[in-house]
Amino acid sequence: MCSIVNRLKPALAYTLWLQTTGYSRKVPAHIGPGLRTSKQPLESVIIRPYCSRMELGKGPFFRQLFESVSSTYTYLLADTESREAVLIDPVLETVDRDLKLVEELGFNLKVAVNTHCHADHITGTGQLKNRLFGMKSAISKHSGASADILLSDGDKISFGKHYLTVRETPGHTDGCVTLVTGDQGMAFTGDTLLIRGCGRTDFQQGCSRRLYESIHQKIFTLPPQCLVFPAHDYKGQTASTVGEERRFNPRLTKSVEEFVDIMTKLNLPKPAKIDIAVPANLVCGLHEV
């Protein structure tokens, strides 16, 4: 037993150091085996101790939630001291789940924000407003939708000592925004930038050139280590980084002319819920009220 503990000491010491500093570091070769894949060089293994940073109060609480029918991600962020929270892209069918989690964790949901007027699901924002006194809804002023807060480029959504900065990223729709944490460590890109993909541009004011410019000017200018959290993923992927997408996104590594040609030839089916979802989302999801 003593020999096992002795072998683990360097790794444990390094882990504790990471937790106290809150930085991401490459794993040095001397910390021992078992921390990489068999063919991956030690120098390329990256530790991202984001959860440790949250526990130490250096970053917001973060939770990624999933709705399986529309493959939508909903994101909960909160300040652990003030207990103020923000919910990004809530879905009508999962309002009960989201409210239960907020209540269990003792958070005060301050704002529910949509990254754009969705075409594939009805937002849960309206129902959340009806059930949580004082909660505000938010969406871009260019979306054409109603909300308590109409967002513009550069606006900040505050929760406790943390905040999200609004970056207007139109192209999928006129009202698309990307929400970036204050330390530029996380970007919630909606349908603008997906993991190894992007939002379609064949309906709802879509424009391929505008989308390309939005991504390159407003998202790809973020730090390469900035984590990318999209509104959807259909392949089980949960996150990416700005650096990865700049290098590996098969559409956005092309020229703008090539990108426009790719988007023109997608021939995607019409979203099944678009005729219901868009009118409902224009009124904050309260289409039956």
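Residue numbers start at 1 and run along the sequence shown. Keep in mind that the numbers below use all heavy atoms, side chains included, and drop hydrogens, waters and symmetry copies.
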Just checking, is any N or O donor in the side chain of [X] or [Y] under 3.5 Å from an acceptor N or O on the other one?
X: Thr173; Y: Gln204; value: no
X: Asp89; Y: Thr115; value: yes
X: Ser137; Y: Thr125; value: no

For residues [X] and [Y], determine if any side-chain heavy atom of one lies less than 4.5 Å from a side-chain heavy atom of the other.
X: Leu211; Y: Thr192; answer: yes
X: Thr94; Y: Leu65; answer: no
X: Lys141; Y: Asp155; answer: no
X: Val86; Y: Val113; answer: yes
X: Leu99; Y: Leu128; answer: yes
X: Pro170; Y: His142; answer: no

Do you reckon Ile139 sits in the same ILVMFWY cluster as Leu179, going by side-chain contacts under 4.5 Å, direct or chained?
no
Parallel, tilted or perpendicular, judged at 30° and 60°: which one describes the rings of His121 and His232?
perpendicular
Centre-to-centre under 6.0 Å for Phe229 and Tyr73, is that the case here?
no
Do other residues, nucleotides or ligands put more than 12 heavy atoms under 6.0 Å from Glu257 CD?
yes
As an exercise, state the distance from OG of Ser68 to CD of Glu93, rounded to the nearest 0.5 Å.
9.5 Å
